[in-house]
Protein chains: 4
Amino acid sequence: MPRPRSEDRRNAIMSAAARVIASQGLGAATAVIAKEAGVSNGSLFVYFDTKTALLNELYVALKAELGAAVVAGLPVAGEAREQVRHLWTQWSQWAAAYPYRRRALAQLQVADDITAESRQRAHSAMTGAADVLEGSRAEGPMRDVPLGFVLVLISAIAEAAIDEMIREPAQAEARSSVAFDAIWRVLAGPAAPAL
Amino acid sequence: MPRPRSEDRRNAIMSAAARVIASQGLGAATAVIAKEAGVSNGSLFVYFDTKTALLNELYVALKAELGAAVVAGLPVAGEAREQVRHLWTQWSQWAAAYPYRRRALAQLQVADDITAESRQRAHSAMTGAADVLEGSRAEGPMRDVPLGFVLVLISAIAEAAIDEMIREPAQAEARSSVAFDAIWRVLAGPAAPAL
Amino acid sequence: MPRPRSEDRRNAIMSAAARVIASQGLGAATAVIAKEAGVSNGSLFVYFDTKTALLNELYVALKAELGAAVVAGLPVAGEAREQVRHLWTQWSQWAAAYPYRRRALAQLQVADDITAESRQRAHSAMTGAADVLEGSRAEGPMRDVPLGFVLVLISAIAEAAIDEMIREPAQAEARSSVAFDAIWRVLAGPAAPAL
Amino acid sequence: MPRPRSEDRRNAIMSAAARVIASQGLGAATAVIAKEAGVSNGSLFVYFDTKTALLNELYVALKAELGAAVVAGLPVAGEAREQVRHLWTQWSQWAAAYPYRRRALAQLQVADDITAESRQRAHSAMTGAADVLEGSRAEGPMRDVPLGFVLVLISAIAEAAIDEMIREPAQAEARSSVAFDAIWRVLAGPAAPAL
DNA sequence: GATGAATGAGCGTTCATTCAT
DNA sequence: CATGAATGAACGCTCATTCAT
């Protein structure tokens, strides 16, 4: 019975990868990631066949973490608006709590070697959030739009707003509020007049 | 900024860089870019001190091109809503017309070696679009929000929508319409009810 | 030479090594050899201290097998010429029967890490063949040449001929005949005229 | 007009490769070869696309050198026997003069990544020697055998004999003589009696 | 200025060997 | 003893940048 493969080491590598990628970009050397994780460079390849495999798994894992975070503690019986507000609050709090993971996720999102399958899995990890949106758009202008497209639009707003909140922390509170209102208008607002 | 011998060569290199980066990512070799531009690898470094300098200049240039495209032919005296629609139409048409440049721009947007100064310059290049937004939000919920933040949110929606339109060309028309309505709601819609 | 737990495992490893080396060359990974043998990579090093040790043992073992094969069933009382023919027939049949072992042996023959001692042991393993040659050269031109040198020359012809027989199987029969005649002329032929 | 690619550097790399491969085997690191040649490791890849390409070119070049050496100064009008003796003398002298190249050539001959095309080209480089054999076998027992096969057999004897001459330099003279007689018997000797 | 050869640090990955279980 | 995870030196190759021509 050999030393069993350790889930801890695996997690340490993924976690280190997120930190290193956040600060050095996708070009970060596997050797640096391994060192940051406290394992030998060879060990990294025991747990992940290639750097690409590591990036893909990291991407899915981070997205899953985000997907779980945004719906954690969701007021199940609450009003749609409060549910969406919960989503948004959780989202921005996750971003604030794990800035490295968020930055890494942003890089991975546009990485060339994230496979279609990984993107699919990442998408699935956001099902919880999508369900909330589904409920909230029921009577709004988005009611007949494919849910995936709605999720994409809302995610884009959320991410852009968070970027700005990070860039100017002093205004974070105010922008958070503005962003939520914008999201809610996209989802449920009545058509705007032409002025 | 010295005036090098040939502005043509300079442009050829930037244009080639956009194509190559679009298809190979930011890791594209300078030698490949040079070959695509029809110049020697040594020449590339006559026009750009480093690869990073090239990326930064390309980023600003592409953003400036986009910034100019979105306001080209703007109906100056038109209604705000029609002006924003023009913005959106131009934006998505530019994306359709120059897919390589758009892809390159998307990569550059998240590149680690784009400097804060370049981002500032890129932002400035969108002044024309910002002006339009300024006019359209005058009586809406965004009226007291910093204009830069508004631009960021609207840009995010636009880019996300275009991504999806490219991913599913058959639905492009429908999504374009949905996206415009969403943008307009963000800018000028009345507050949405809580359902 | 300690007596390890299982002679079977040891043999399995050597046999696997021959197959793997035949198809992948001397650079074949020990892990691959171990897997082919159905043991763990760690176990390989229980039976052989180093990869070099394995190669050396394999070399000697294969040479011993060949040495035994060539004299198996030797017509003890036969004419010298028939004995040499037997040698040659057996040699080429062994090559045909165990192509992997033959290929591995060919690789090992030129390997840098086969020691002088192993080469000596391998040479000794061919004593049986040498004895036959000893008898056949008694009255020929090779009568005063060191037996080892004769063996080397004859072996070289045999191996070269077999290579060609494998390369062009359709001609194998014809070439086998030519090769035997050549061997016999080397051993026992009268001096050739100058033409 | 850039610095032109230098034939000298190219030759230096090939020559260094022969020396390093002779002493360290085919596993010799490209970096070591480059250093031995007095160029940077990067430069090696300017002249040869891959290590495999270098090995192939080296193989062909060495074989061509040997092929030229064996027929240099051939007594064109001489007797067949003297011509073959010339071949053999030149062959063993080349081996003595360039022991590294000979060792490298021996390694390359069995290398897995020498292509069929390279082997073909190497074969062609020995045409001069083949022509001599063609003339000398005209009335002998090899008269109806494919010339390539004859060349292979003779080469095998030559190489094996040279190996032994190198192993025991004190006996080189004697063995050279024995080897030549053997070669001549193979080519032109009358059938040997059965004893 | 233009060219492309020269450079060498750096990369992802492999693998013989060791060692905890 | 058997196992396979752990290790880290080493490898072939790339590429931004420099420089001789």
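Reminder, nothing fancy here: chain letters follow the sequence lines and each chain counts from 1. Computed from a prediction, not measured in an experiment: that's the story for all the values here.
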Provide, to the nearest angstrom, the distance between the CG atom belonging to A/Asp8 and the C1' atom belonging to F/dA5. 14 Å
Encoded 5' to 3' (Watson-Crick or G-U under 3.5 Å; [ ] crossing; | other strand), DNA chain F becomes .||||||||||||||||||||
Classify the nucleic acid contact of A/Arg10 as base, sugar-phosphate or nothing, counting any heavy atom under 4.0 Å across all strands shown. nothing
A/Asp163/A/Arg103 salt bridge by N-O under 4.0 Å criterion: no
So which atom in B/Ile114 and which in B/Tyr59 form the shortest heavy-atom distance, rounded to 0.1 Å? CG2-CD2, 3.6 Å
Which pairs, with at least one residue in residues 20-38 of chain C and sequence neighbours excluded, count as a side chain to side chain donor-acceptor pair (under 3.5 Å)? C/Arg19-C/Glu36
Nucleotide F/dG12, atom P - distance to NZ of D/Lys35 in whole Å: 15 Å
In whole angstroms, how far is the C1' atom of F/dT14 from the CG atom of D/Leu44? 13 Å
Could you please name the option among F/dA6, E/dA2, F/dA2 that lies closest to any side-chain atom of B/Ser43? E/dA2
In whole angstrom, give the distance that lies between atom CD1 of A/Ile13 and atom C1' of E/dG12. 15 Å
Please tell me if A/Arg9 has a side-chain N or O lying less than 4.0 Å from either OP1 or OP2 of F/dA6. yes
Under 4.0 angstrom, heavy atoms only, what part of the nucleic acid is D/Tyr47 near: base, sugar-phosphate, or nothing? sugar-phosphate
DNA chain E: 5'-proximal contact among D/Gly38 and B/Ser40 (nearest heavy atom): B/Ser40
Between A/Glu57 and A/Arg10, is there a salt bridge with N-O shorter than 4.0 Å? yes
Taking only N/O atoms, report every protein-nucleotides 14-18 of chain E pair under 3.5 Å with atom names and distance.
from	atom 1	to	atom 2	distance (Å)
E/dA16	OP1	C/Lys51	NZ	3.0
E/dA16	OP2	C/Thr30	N	2.5
E/dA16	OP2	C/Thr30	OG1	2.6
E/dT17	OP2	C/Lys51	N	2.7

Between P on F/dA16 and CD1 on B/Ile21, what's the gap in Å once rounded to a whole number? 11 Å
